[in-house]
Number of protein chains: 2
Amino acid sequence: MKKIYRIGVEATLEVIGGKWKPMILCYLGNGPIRTGELKRNLPKITSKMLTQQLRELESDQIISRKVYSQVPPKVEYALTEEGRTLRQLLVDMAEWGEHRVHERQAAGEEVELVHEEHDGYLNFAPITQDA
Amino acid sequence: MKKIYRIGVEATLEVIGGKWKPMILCYLGNGPIRTGELKRNLPKITSKMLTQQLRELESDQIISRKVYSQVPPKVEYALTEEGRTLRQLLVDMAEWGEHRVHERQAAGEEVELVHEEHDGYLNFAPITQDA
DNA sequence: CACAATTGTTTCCTTTTGGGCACTATAGCA
DNA sequence: TGCTATAGTGCCCAAAAGGAAACAATTGTG
């Protein structure tokens, strides 16, 4: 079935719009990462959702999947070239969103941002914490 | 209920992530526009969805709603100051998405982009066409 | 033999999102 | 009186997205 987007923005949203995709891309920004590491960093994600989101990003050619022939298994995910082109956009989106949250907080609204990105980096140290 | 975002990107996505919101913001980019005009430009939208998306954008303070005391009614929507801060971001997202679609097409995939944005403008002339 | 470690898959369910369609209100006009 | 134009509401249903929990496969180790 032919995919039809009305405007470019929609094509972009389809790629990064999943519930866990921005978070996953954040961690991927720090370099290749194993499944289990991701899972530990995203305590509330289920196996199903994790692999589903990863599979979608992979078939969208945003990330690559490298399987090591070992037991127990070892699989590493990494940003592809195309995935890396998302970085600046994600950084900009993060900035806009952070700015917005701060304004809303200043206006007394009940909003909170758990992780903040720093220095134009989307990444953050892989601190494990529930969120 | 307190809204919690894990990272800035998620706060951004909540604002622009509705099915019709990017399109609506496109048209709004050309200046104030009446409900009926929007509807004519979005042939497939239902009244319900249109007002719902507009209400959300309004309560997010992205757009303003101006009611003229007339019969039949006249209501005009326009970008707020905060809404205007979205423009560059939307333009960037549009560019990334358009670029991506072109690449996929070059790779022989079944993808199509109905409207293209031009010259760094998110806007397009309000051509009526179904999509 | 039983079990741990790792990366998944499968089935079933709940929640969220979007859509269909009938209905409302009001003033002018034929 | 009945019709038009405009901007909606309300109720119910369908589709999409997300989640819980059990199960699968493999090999080294106690």
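Throughout, a chain's letter reflects where its sequence line sits, starting with A, and its residues are numbered from 1.
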Taking [X] for its side chain and [Y] for its backbone only, find out whether a donor-acceptor pair lies under 3.5 Å.
{"X": "A:Gln105", "Y": "A:Val111", "value": "yes"}
{"X": "A:Gln61", "Y": "A:Thr80", "value": "no"}
{"X": "A:Glu117", "Y": "A:Glu95", "value": "no"}

Calculate the interatomic distance between [X] atom [atom1] and [N] atom [atom2]; express it in whole Å.
{"X": "B:Ile45", "N": "D:dT9", "atom1": "CD1", "atom2": "P", "answer": "14 Å"}
{"X": "B:Glu37", "N": "D:dT6", "atom1": "CD", "atom2": "P", "answer": "11 Å"}
{"X": "A:Leu13", "N": "C:dT17", "atom1": "CG", "atom2": "C1'", "answer": "15 Å"}
{"X": "B:Glu10", "N": "D:dG18", "atom1": "CD", "atom2": "P", "answer": "11 Å"}
{"X": "A:Lys39", "N": "D:dA20", "atom1": "NZ", "atom2": "C1'", "answer": "12 Å"}
{"X": "A:Ile33", "N": "C:dT6", "atom1": "CD1", "atom2": "P", "answer": "14 Å"}
{"X": "A:Ile24", "N": "D:dG18", "atom1": "CD1", "atom2": "C1'", "answer": "13 Å"}
{"X": "B:Lys66", "N": "D:dG8", "atom1": "NZ", "atom2": "C1'", "answer": "20 Å"}

Hey, are B:Glu82 and A:Arg100 close enough for a salt bridge, meaning a charged N less than 4.0 Å from a carboxylate O?
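Result for this pair is yes, salt bridge flagged.
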DNA chain D contacts made by residues 46-61 of chain B, counting heavy atoms under 4.0 Å:
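Those residues are B:Ser47, B:Lys48, B:Thr51, B:Arg55.
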So if I take residues 67-77 of chain B and measure heavy-atom distances to DNA chain D, which residues fall below 4.0 Å?
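The stretch gives B:Pro72, B:Pro73, B:Lys74, B:Val75, B:Tyr77 as the residues lying under 4.0 Å from the strand, ordered by number.
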Looking at D:dT6, I'd like to know if its phosphate oxygens (OP1 or OP2) sit under 4.0 Å from a side-chain N or O belonging to B:Arg34.
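For D:dT6, neither OP1 nor OP2 has a side-chain N or O of B:Arg34 closer than 4.0 Å.
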Ignoring backbone atoms, test whether B:Lys19 places a side-chain nitrogen or oxygen under 4.0 Å from the OP1 or OP2 oxygen of C:dG19.
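Yes, within the criterion.
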Is the closest side-chain donor-acceptor distance between A:Asn41 and A:Glu37 under 3.5 Å?
no
Tell me whether A:Val9 shares a hydrophobic cluster with A:Tyr5, the cluster being built from Ile, Leu, Val, Met, Phe, Trp, Tyr side chains joined at under 4.5 Å.
no
Interatomic spacing from OG1 in B:Thr46 to CH2 in B:Trp20 - rounded to 0.5 Å
8.0 Å
Distance from A:Leu54 atom CG to A:Tyr77 atom OH, nearest 0.5 Å?
4.5 Å
Check the surroundings of atom CD in A:Gln70: do more than 12 heavy atoms from other residues, nucleotides or ligands lie under 6.0 Å from it?
yes
So which nucleotide from D:dG19, C:dG19, C:dT7 ends up closest to the side chain of B:Trp20?
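It is C:dG19.
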